[in-house]
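One structure is given below, encoded as structure tokens.
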Amino acid sequence: MMSILEVKGLTIRFGGLTAVDTLNFKVEEGTIHGLIGPNGAGKTTTFNMISGFYAPSAGEILFRGERISGLPMHEVARRGVVRTFQHSTLFAELSVLDNALVGTHMSFRPNIFAAIFGRDRENRRRAEQRAREVLEFFGLADLSNERAGDLSHGHQRALGMAVAYASHPDVILLDEPFTGMNPEETEQMMGLMERLRAGGLTILLVEHDMRAVMGLCDRITCMSFGRLLAEGGPAEIRNHPGVIEAYLGGARHVA
């Protein structure tokens with residue numbers, strides 16, 4: 001498999017604090033790649049640099065061989081790298097369908113002049129078709145007219161992923177998608193991610209739920225204090241002494 005995303009010597013400093021220090025890893029196309037580590041390890045900060053929210057102090061991020069580090073978020077997203085956030089960023093007062101439509105704007109960008117002269121009907125039709133297809137995929141079609149703020153926690157998480165997926169990304173960065181989920185919701189979300197991978201999407205995942213990480217990820221990168229601690233498949237990471245000591249807190253938590 002080819003690497004679709006590569007982090008090379010990635011470093012960021014905030015004043016005298018080095019939050020991420022010369023981090024290196026590659027994400028292969030069509031895989032689910034886990035980024036794990038204890039609180040404060042630098043995982044979300046790494047996500048913020050990949051997605052364009054932060055510009056790194058040193059190093060670079062390559063997407064399909066093209067440097068994207070330092071680009072603004074909308075430019076990174078336009079190239080095909082889209083992220084979700086740890087906390088919901090849905091428009092709570094809008095319907096489920098309207099939220100999904102927001103995600104289509106990268107592919108069907110509105111044009112005020114076309115709208116004035118009635119020439120954007122085809123784009124609107126295609127945007128709505130894409131939004132409805134995405135909601136069907138995520139099992140939300142029956143809720144399309146519901147207010148997003150009234151959805152259950154699990155459905156809100158699924159809708160957040162649907163909004164990101166509606167933009168036709170090549171890579172989705174998921175920041176703790178299982179937080180607050182009950183076991184049934186976790187199973188459903190894992191099933192959705194497996195279907196996305198089967199469809200060719202690449203997922204980079206930050207998550208503390210080890211059952212989900214070990215059950216989903218093809219490869220896992222573990223960080224500690226902003227640095228790379230270990231990398232490998234789930235079995236390697238599960239049994240890595242440094243990972244057990246630094247993050248998992250003991251062998252009983254790894255299974």
Side-chain angles (χ1 to χ4, degrees), residues 1-8 10 19-20 23-51 61-63 81-86 157-158 160-161 164-165 169-181 183 185-255:
M1 290 186 182
M2 292 182 60
S3 298
I4 190 171
L5 191 70
E6 184 175 0
V7 166
K8 300 174 69 175
L10 200 62
V20 176
L23 180 66
N24 296 281
F25 68 88
K26 296 179 180 180
V27 178
E28 293 183 345
E29 189 166 9
T31 65
I32 299 177
H33 191 114
L35 186 62
I36 68 170
N39 289 330
K43 307 179 300 296
T44 296
T45 303
T46 299
F47 257 34
N48 285 336
M49 287 188 281
I50 295 172
S51 63
I61 302 151
L62 303 177
F63 173 63
V81 181
V82 177
R83 74 167 290 180
T84 66
F85 290 83
Q86 186 173 349
R157 286 288 186 170
M161 285 179 60
Y165 187 54
D170 295 308
V171 178
I172 288 186
L173 313 178
L174 300 178
D175 194 356
E176 300 195 21
F178 297 99
T179 300
M181 286 192 173
E185 290 171 334
T186 297
E187 286 288 344
Q188 291 172 350
M189 181 63 77
M190 288 177 69
L192 285 173
M193 290 189 196
E194 288 170 342
R195 289 178 60 201
L196 288 169
R197 173 177 54 191
L201 187 70
T202 304
I203 297 173
L204 179 58
L205 170 73
V206 165
E207 184 52 56
H208 285 290
D209 185 328
M210 284 298 101
R211 177 174 164 275
V213 169
M214 295 298 171
L216 278 173
C217 293
D218 301 290
R219 192 164 183 82
I220 300 168
T221 299
C222 183
M223 297 177 67
S224 181
F225 297 107
R227 288 177 169 268
L228 176 66
L229 174 63
E231 191 169 64
E236 296 171 77
I237 296 299
R238 183 184 291 116
N239 297 302
H240 192 287
V243 175
I244 294 170
E245 181 181 354
Y247 179 62
L248 300 174
R252 66 185 182 281
H253 296 297
V254 187

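Quick note: numbers below take in every heavy atom, side chains included, and nothing from hydrogens, waters or symmetry partners.
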How many angstroms lie between [atom1] in [X] and [atom2] in [Y], if you round to the nearest 0.5 Å?
X    : Y    : atom1 : atom2 : result
S3   : H33  : OG    : NE2   : 10.0 Å
L174 : T84  : CG    : OG1   : 4.5 Å
N39  : H208 : CG    : NE2   : 4.5 Å
R195 : M193 : CZ    : CE    : 13.0 Å
I4   : D170 : CD1   : CG    : 5.0 Å
N48  : D175 : CG    : CG    : 8.0 Å

Should [X] and [Y] count as side-chain neighbours, where that means a heavy-atom distance under 4.5 Å?
X    : Y    : value
T31  : R219 : no
R157 : T179 : yes
I61  : V81  : no

Which atom of [X] lies closest to which atom of [Y], heavy atoms considered:
X    : Y    : value
E194 : G215 : OE2-O, 4.4 Å
N24  : L228 : O-CD2, 3.8 Å
I172 : A164 : CD1-CB, 4.2 Å
F25  : T221 : CB-OG1, 3.8 Å
V171 : L201 : N-CD1, 4.3 Å
G37  : C222 : CA-SG, 4.4 Å

Please name all residues satisfying side-chain hydrogen bond (donor to acceptor under 3.5 Å, both in side chains) with E187, sequence neighbours left out, ordered by chain then number.
-> R211

What residues form a side-chain hydrogen bond (donor to acceptor under 3.5 Å, both in side chains) with D218, not counting sequence neighbours?
-> R197

Check: [X] side chain, [Y] main-chain N or O, donor-acceptor pair, under 3.5 Å:
X    : Y    : result
T202 : G30  : yes
E245 : G242 : no
K43  : P38  : yes

Could you walk me through whether L204 and F47 pass side-chain contact (heavy atoms from CB on, under 4.5 Å), step by step?
-> CA-CA 9 Å; L204 179 58; F47 257 34; 3.6 Å; yes

For Y165, ring pair (Phe, Tyr, Trp, His ring centres under 6.0 Å) partners two or more places apart = F137, F138

Please walk me through it: do M49 and L10 pass side-chain contact (heavy atoms from CB on, under 4.5 Å)?
-> CA-CA 9 Å; M49 287 188 281; L10 200 62; 3.6 Å; yes

Should M214 and I220 be marked as a side-chain contact (heavy atoms from CB on, under 4.5 Å) after you check the CA-CA gap, both sets of side-chain angles, and the distance that decides it?
-> CA-CA 9 Å; M214 295 298 171; I220 300 168; 3.9 Å; yes

Check step by step if side-chain contact (heavy atoms from CB on, under 4.5 Å) holds for E207 and L216.
-> CA-CA 11 Å; E207 184 52 56; L216 278 173; over 6 Å; no

